[in-house]
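Values below: all heavy atoms of this structure, side chains included; hydrogens, waters and symmetry mates excluded. Just so it is clear: chains get the letters A, B, ... in the order the sequence lines come, proteins before strands, and each one is counted from 1.
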2 protein chains.
Amino acid sequence: MELDERKLKILKSIIRNYLETGEPVGSRTISKDPELQLSSATIRNEMADLEEMGLIMQPHTSAGRIPTDQGYRLYVDQLMEDSKRETKEANQLLIERVDRVELLLKNLAKILASNTNYATLISAPQSRHNKLKFIQLSKVDERKVLAVIMMEGNVVRNSILDAVDEVDEQVMLKMNLLLNTMLTGLSIDEISLGLIAKLKEEAGEYSHIVEKVLNAISETIRAEENDPQIYTSGATNIFKYPELSDGEKASELLSTFEEKHVLNELITTSMQQNNHEIQIYIGNESPVETMKDCSVVTANYELGDGLQGIIGIVGPKRMDYEKVVSTLRTLMQQLDDIYNKK
Amino acid sequence: MELDERKLKILKSIIRNYLETGEPVGSRTISKDPELQLSSATIRNEMADLEEMGLIMQPHTSAGRIPTDQGYRLYVDQLMEDSKRETKEANQLLIERVDRVELLLKNLAKILASNTNYATLISAPQSRHNKLKFIQLSKVDERKVLAVIMMEGNVVRNSILDAVDEVDEQVMLKMNLLLNTMLTGLSIDEISLGLIAKLKEEAGEYSHIVEKVLNAISETIRAEENDPQIYTSGATNIFKYPELSDGEKASELLSTFEEKHVLNELITTSMQQNNHEIQIYIGNESPVETMKDCSVVTANYELGDGLQGIIGIVGPKRMDYEKVVSTLRTLMQQLDDIYNKK
DNA sequence: GTTAGCACTCCATTAAAACGAGTGCTAACA
DNA sequence: TGTTAGCACTCGTTTTAATGGAGTGCTAAC
């Protein structure tokens, strides 16, 4: 069967309608579309074809049609138009350059959630390829040392180390100097075994402290990778969509947002896309099991210095794709303007 | 009307029953209680009295009775027994002394939530009366300075300052020394105007940096007070209780846990209690509007060095008060053993 | 003071009926 | 050959009625 112009128009009309109302749409409704001057009977015939092609379906015999996942897919791939709708909302995102990336991302999540009325998640940048800016050791008390590790993007991590024996202020100063001259500017991946050996040699009798510090660094980074920071907001927005808000489903979905670590898969999958295009996961396409009744729109952001992560919007399958995509695009543009062109 | 021994026994039996089943309990059910050798008719008479006293009520004419808020109140105040139930759960809390208070509290929240099957919230210790351990300034780049502020309890705060003009390494060292000698060991409240003036004088030409640092400190602290850290866990547990999990209610309650700042009132109210007793808020007694259908059990914890905050368990009114209270008591005991006696 | 007995209330469940939105099919039409 | 009006049919939803049962309050007897 051929998917001609008219069928596409009808499909588009059906999906548009369904996105708005959330109700199955019947042939009569479509026949009223000014773009399609056809009787309901004709529409019905076409609908039967579209159903056969797996693009739409009936919840039950005497109901209107709703899009299938395949139908949505076709819609977002081919039928969706670039939204020119009031970008005023997007403009209001009004991002200033913020020193602390974490703060920025938290706010961003909040703003996106309240702008879109969907749930939002943002992954903090992965630090693996991120460069050390400096390390600062300070004495906390007799046996404890605070290591402050700062990476590009002004991401700060603290870690408290147990020293084997009492720490001397002088030693500390030396260590600071040593660590910084040797390590600053390197990414975690670039700290090789050879370098470590050399570092220890230089440290002489204090090599055990060097070891602790290096462990702390790698552990801090590793911990972050296994359990990366994820900022979420507006999870309770799902209650605005009846198809998601009944008991079981809502519970599962909200747990996902509460536990957060389950979101990792979505983040890694989405990061693996090599391009900077916006991606859309419909229903089961999502790597997260509990989102099988949702759609997820993700974008890779970059804040310069190779700091990158993903932003995801989670909503019902009948989410307003155009608005979400356009909001994300505008946002990416803005971030790019601010952080990359400088 | 008098509330004699028998009436109390009956009330207790009714509430016990209702806590377990969540269903209104009828006279026949109570007449089977081995502790009460009475016919259902007699129970009915007594029930009528209890209802008149406002301790129980009927959802509708031909239903059994459920406790009123007043009834619950009387129960937790007088009728509740100390639970000797398997404290093994509580023992499993197995707390080790953790260096980072934040980490400890986060874990605690998780453990409590999964142990009780209710929602848990823990407020991070308020820093106002908390003493500074040390301040460390480090140069980030030409115009930026990282201030690391460490307080008792090993609570670390970072803040990035904009310097007016380029920062000299030498100056930094001086500032560090100056700030630490003058401020270490003081609480925020103890940093008086006089002290600040003196500090500025000592700093001479760099007094503007001192000012910035002080501002940063007080702002950091203030920000924390307005929006104190609150760790929550198990908010989705509320779906286990039908009376809380229908649409509107669940949504409101979960939003409360998502927004968190609404929980502040609960925390301040609970902190104001001068004693270290466990407190129970039933329904409208709770300072948080959205918890009017819940009960909240709170405890003030103290981790030594005056680090204190509150732990709260939020569940349906028919929560297992005995278990919750006993769990919290055990926990407090353990924390006390570890942190205060040393 | 306690209890058996009974009429009564009212919610919950089930069954039946009415409704209506939407379909598929057929036959007529351009 | 594509389009459309007409109509019987399907099936979920809503409405109404009927039935059952849990539990009560009251009365009268023990």
For the residue pair A:E322 / A:Y75, report whether a side-chain donor-acceptor contact shorter than 3.5 Å exists. yes

Quick one: side-chain hydrogen bond (donor to acceptor under 3.5 Å, both in side chains) partners of B:S245, sequence neighbours excluded? none

Side chains of A:Y281 and A:V297 in contact at under 4.5 Å (non-hydrogen atoms): no

Residues forming a side-chain hydrogen bond (donor to acceptor under 3.5 Å, both in side chains) with A:D293, sequence neighbours excluded: none

Contact list please: residues 23-56 of chain A against DNA chain C, heavy atoms, distance less than 4.0 Å, in numerical order. A:G26, A:S27, A:R44, A:M47

Under the salt bridge (Lys or Arg N to Asp or Glu O under 4.0 Å) rule, what pairs show up with a residue in residues 32-51 of chain A, not counting sequence neighbours? A:R6-A:E46, A:K7-A:E46, A:K7-A:D49, A:E51-A:R65

Mind listing the side-chain donor-acceptor pairs of residues 236-244 of chain B below 3.5 Å, one per line with the distance, residues two or more places apart or on another chain?
{"from": "B:T236", "atom 1": "OG1", "to": "A:S255", "atom 2": "OG", "distance (Å)": "3.3"}
{"from": "B:T236", "atom 1": "OG1", "to": "A:E258", "atom 2": "OE1", "distance (Å)": "2.9"}
{"from": "B:N237", "atom 1": "OD1", "to": "B:K240", "atom 2": "NZ", "distance (Å)": "2.8"}
{"from": "B:N237", "atom 1": "ND2", "to": "B:A113", "atom 2": "O", "distance (Å)": "3.4"}
{"from": "B:N237", "atom 1": "ND2", "to": "B:Y118", "atom 2": "O", "distance (Å)": "2.9"}
{"from": "B:N237", "atom 1": "ND2", "to": "B:G234", "atom 2": "O", "distance (Å)": "3.4"}
{"from": "B:K240", "atom 1": "NZ", "to": "B:N117", "atom 2": "OD1", "distance (Å)": "2.7"}
{"from": "B:Y241", "atom 1": "OH", "to": "B:N117", "atom 2": "O", "distance (Å)": "2.8"}
{"from": "B:E243", "atom 1": "OE2", "to": "B:R318", "atom 2": "NE", "distance (Å)": "2.6"}

Anything under 4.0 Å to a heavy atom of chain B counts; send over the first and last such nucleotide of DNA chain C, read 5' to 3'. C:dT2 to C:dC11

Within residues 61-70 of chain B, find the residues that approach DNA chain D with a heavy atom at under 4.0 Å, and present them sorted by residue number. B:T61, B:S62, B:A63, B:G64, B:R65

Sorted by chain and number, sequence neighbours left out, side chain to side chain contact (heavy atoms under 4.5 Å, CB included) with B:S31 holds for B:S40, B:I43

Across all chains, not counting sequence neighbours, the side chain to side chain contact (heavy atoms under 4.5 Å, CB included) partners of B:S62 are B:H60

If the condition is salt bridge (Lys or Arg N to Asp or Glu O under 4.0 Å), which residues does B:K12 pass it with, not counting sequence neighbours? B:E81

Rounded to the nearest angstrom, tell me the gap between atom CD in A:Q58 and atom C1' in D:dC11. 11 Å

Below 4.5 Å, heavy atoms only, C-beta onward: do B:L74 and B:I15 meet side chain to side chain? no

A:T327-A:T330 side chain donor-acceptor pair, cut-off 3.5 Å: no

Got a minute to check which stems DNA chain D is part of, using Watson-Crick or G-U wobble pairs under 3.5 Å, three or more consecutive? C:1-30 with D:1-30

Tell me the salt bridge (Lys or Arg N to Asp or Glu O under 4.0 Å) pairs involving residues 283-292 of chain A, sequence neighbours left out? A:R73-A:E285

